[in-house]
Amino acid sequence: MDTGLQLYNTLSRKKELFQPLNAPNVGMYVCGPTVYSDVHLGNCRTFISFDLIFRYLKYAGYKVRYVRNITDAGHLEGDRDEGDDKFAKRAKLEQLEPMEIVQKYTLGFHDVLRMFNTQPPSIEPTATGHIIEQIEMIKVIIANGYGYEVDGNVYFDVEKYSKEYNYTILTNRNLEDMLNNTRELGGQDEKRGRLDFALWIKAKPETLMQWQSPWGMGFPGWHIECSAMSAKYLGAEFDIHGGGMDLAATHHTNEIAQSEACSHKQPARYWMHTNMLTVNGTRMSKSAGNGFLPLELFTGDHPLLKKGYSPMTVKFFMLQAHYRSTLDFSNDALDASEKGFRRLMSAIGLLNKLSVSEQNDFDIDALKGKCIAAMNDDFNSPILVAELFEAVRIINTVYDGKGKISAEALAKLKQLINDFVFDILGLKDEDAGGNDLNGVLDMVINLRTEAKANKDYATSDRIRIGLQELGIQLKDGKEGTTWSKA
């Protein structure tokens with residue numbers, strides 16, 4: 001099955017023709033959130049990007065099993081197995097049980113993604129629900145000689161692994177440079193090598209979340225959960241593994257090592273990574289004071305925002321940048337996206353009002369081909385959006401009586417809009433289904449029509465100007481008055 005889809009593979013650092021292991025079936029694993037706090041915009045960008053990929057693969061005819069995990073245990077503050085457990089720290093801060101923290105922020109995560117109109121994954125496994133699978137994988141890694149236990153802790157032997165496999169295959173970093181940039185082991189450090197990482201961590205007496213294992217009471221290291229769960233639901237080898245680019249250097253590098261040490265197979269054929277967010281040209285981060293949460297972006301309740309933006313405006317803004325490019329937030333950029341999104345939805349609202357003709361001035365098949373070509377070029381959503389504004393031009397041209405469209409071409413145009421705007425980009429008209437609004441506007445338009453008929457032009461103009469100030473544009477035509485968003 002060859003759909004012509006090219007995607008950028010972090011492993012090879014180039015675009016490759018997508019050839020699934022077992023077409024038309026596709027296995028895709030994406031690293032999900034660590035649910036100890038509110039989901040941030042960087043997470044949202046990643047999940048919106050992979051929602052786009054999920055949607056397009058299905059449109060292209062693939063049967064996709066999309067697995068996205070929930071990290072609800074085992075994530076320490078430092079990448080080098082140091083610091084406090086994030087869940088325990090938050091639980092103490094909020095005076096809650098760790099699993100109450102997990103429940104609270106998992107529900108919040110799902111709420112935000114619903115606002116962005118993303119589809120749920122096929123499977124959403126949790127780390128705590130797969131402790132047995134992680135323990136079994138660690139046992140195999142030890143048996144194969146790549147793991148070692150010290151006083152209840154189990155570590156991955158990177159030096160031993162690196163003699164047989166390329167530990168830096170994903171990032172192409174120099175192993176010697178990595179070692180030189182990693183601090184020397186302290187006298188109390190149990191690890192054999194500076195790059196070794198924890199597979200299982202011994203619990204302290206006060207540890208809130210701990211499980212029984214062959215090495216005593218403890219909890220899994222951060223990286224092992226994804227290796228164990230991807231293998232369980234997608235097999236030792238699968239098609240796509242994705243996540244934010246910040247995961248490539250440590251988390252994904254260690255995932256590959258664990259999987260190969262266990263099964264002697266590279267887990268995923270294609271590794272895909274989304275790029276970072278910036279605000280006014282500066283990297284978004286809590287420490288820089290320029291990070292804002294999705295709900296702050298929606299309400300405008302943040303010093304850097306002059307107003308709030310709807311979830312679909314924010315999503316449209318994100319989709320106007322390629323998933324591998326840096327995305328820079330600014331009020332001006334969000335304002336421009338808001339206007340563009342309104343223009344797109346206003347044109348779509350006119351589709352059912354277009355008159356058909358025997359004549360046809362537009363090649364909808366060619367436009368569809370360009371939309372497919374954009375998505376086949378590594379899911380190039382900004383190019384797709386640009387092509388969709390050609391559809392906007394067609395709609396407005398026909399509506400204004402400056403072009404003609406046949407019934408067949410109009411049917412194709414409606415299908416194209418449904419496929420690419422709603423099914424693939426996952427956008428929705430936030431005012432759609434607002435029958436109350438439609439009814440109110442119809443009533444107001446009728447009042448204006450009556451005022452004009454009675455030559456009460458002052459009232460007629462007052463209604464028109466008032467609606468315009470509210471963002472509603474009226475258009476008088478031969479068949480009456482219609483409205484659209486300005």
Side-chain angles (χ1 to χ4, degrees), residues 48 52 55-56 59 117 309-322 332-357 359-377 379-434 437-438 441 467-468 471-477 479 481-486:
I48 286 171
L52 173 73
R55 287 169 177 270
Y56 185 68
Y59 171 82
N117 196 36
Y309 299 89
S310 73
M312 285 301 101
T313 295
V314 177
K315 183 174 186 177
F316 186 68
F317 168 71
M318 290 185 179
L319 292 169
Q320 286 182 291
H322 191 269
D332 289 344
L334 286 163
D335 285 343
S337 286
E338 185 175 58
K339 291 176 182 177
F341 179 66
R342 285 180 176 176
R343 184 175 164 223
L344 176 62
M345 289 299 138
S346 293
I348 292 172
L350 298 175
L351 270 173
N352 290 327
K353 301 174 184 178
L354 299 185
S355 299
V356 297
S357 170
Q359 183 181 334
N360 180 59
D361 299 333
F362 308 102
D363 189 344
I364 307 303
D365 289 333
L367 179 58
K368 178 181 177 180
K370 291 178 180 178
C371 291
I372 291 174
M375 289 302 292
N376 277 347
D377 182 18
F379 308 99
N380 201 324
S381 59
I383 299 298
L384 172 60
V385 169
E387 298 297 350
L388 289 172
F389 275 102
E390 172 61 17
V392 169
R393 186 192 69 80
I394 292 171
I395 293 169
N396 289 332
T397 299
V398 174
Y399 185 76
D400 291 338
K402 298 176 182 178
K404 297 184 182 298
I405 192 167
S406 66
E408 180 184 5
L410 180 57
K412 289 180 178 179
L413 182 58
K414 288 180 178 179
Q415 188 64 52
L416 181 146
I417 293 294
N418 186 72
D419 288 345
F420 288 92
V421 175
F422 301 123
D423 287 351
I424 294 173
L425 291 179
L427 297 170
K428 64 179 181 179
D429 187 346
E430 288 163 313
D431 294 324
L437 176 62
N438 293 336
L441 285 172
L467 289 175
Q468 190 169 351
I472 304 297
Q473 185 78 43
L474 298 183
K475 185 164 186 175
D476 297 318
E479 298 180 1
T481 301
T482 58
W483 66 271
S484 63
K485 280 206 163 188

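Note: hydrogens, waters and symmetry copies are ignored here, and every other heavy atom, side chains too, is used. Bear in mind that the values here come from a model prediction, so they are computed numbers and not experimental data.
- In terms of the side-chain contact (heavy atoms from CB on, under 4.5 Å) criterion, residue partners of N352 (sequence neighbours excluded) are, by chain and number, K414.
- In this view, N360 satisfies the side-chain hydrogen bond (donor to acceptor under 3.5 Å, both in side chains) rule with no residue, not counting sequence neighbours.
- Residues forming a side-chain contact (heavy atoms from CB on, under 4.5 Å) with E338 (at least two apart in sequence, or on another chain): K307, Y309, T313, D335, R342.
- L384 is not listed as a side-chain neighbour of L319, based on a closest heavy-atom distance of 4.5 Å or more.
- Residues meeting the side-chain hydrogen bond (donor to acceptor under 3.5 Å, both in side chains) test with N396, sequence neighbours left out: none.
- Among residues at least two apart or in separate chains, there is no side chain to side chain donor-acceptor pair (under 3.5 Å) pair with a member in residues 401-410.
- Interatomic distance, D423 CG to I417 CD1, rounded to the nearest 0.5 Å: 11.5 Å.
- With sequence neighbours excluded, no residue forms a side-chain contact (heavy atoms from CB on, under 4.5 Å) with A411.
- Of the possible polar contacts, one joining the E430 side chain to the M312 backbone as a donor-acceptor pair under 3.5 Å is found.
- Residues satisfying the side-chain contact (heavy atoms from CB on, under 4.5 Å) test with N380, not counting sequence neighbours, are H322, D377, P382, I383.
- Take D400 and apply the salt bridge (charged side-chain N to carboxylate O under 4.0 Å, His left out) test, not counting sequence neighbours, and it matches K475.
- Between I395 and I405 there is no side-chain heavy-atom pair separated by less than 4.5 Å.
- By the salt bridge (charged side-chain N to carboxylate O under 4.0 Å, His left out) test, D332 is found to be paired with no residue, residues two or more places apart in sequence or in another chain being considered.
- Under the rule for a side-chain hydrogen bond (donor to acceptor under 3.5 Å, both in side chains), K368 has no partner lying at least two apart in sequence or in another chain.
- For the ring pair (Phe, Tyr, Trp, His ring centres under 6.0 Å) test, residues two or more places apart in sequence or in another chain that qualify with Y59 are Y56, F420.
- Residues L367 and D363 have side chains not in contact (no heavy-atom distance under 4.5 Å, counting atoms from C-beta outward).
- Rounded to the nearest 0.5 angstrom, D361 CG and I394 CD1 are separated by 10.0 Å.
- Legend: residues meeting ring pair (Phe, Tyr, Trp, His ring centres under 6.0 Å) with F362, ordered by chain and number and at least two apart, are absent.
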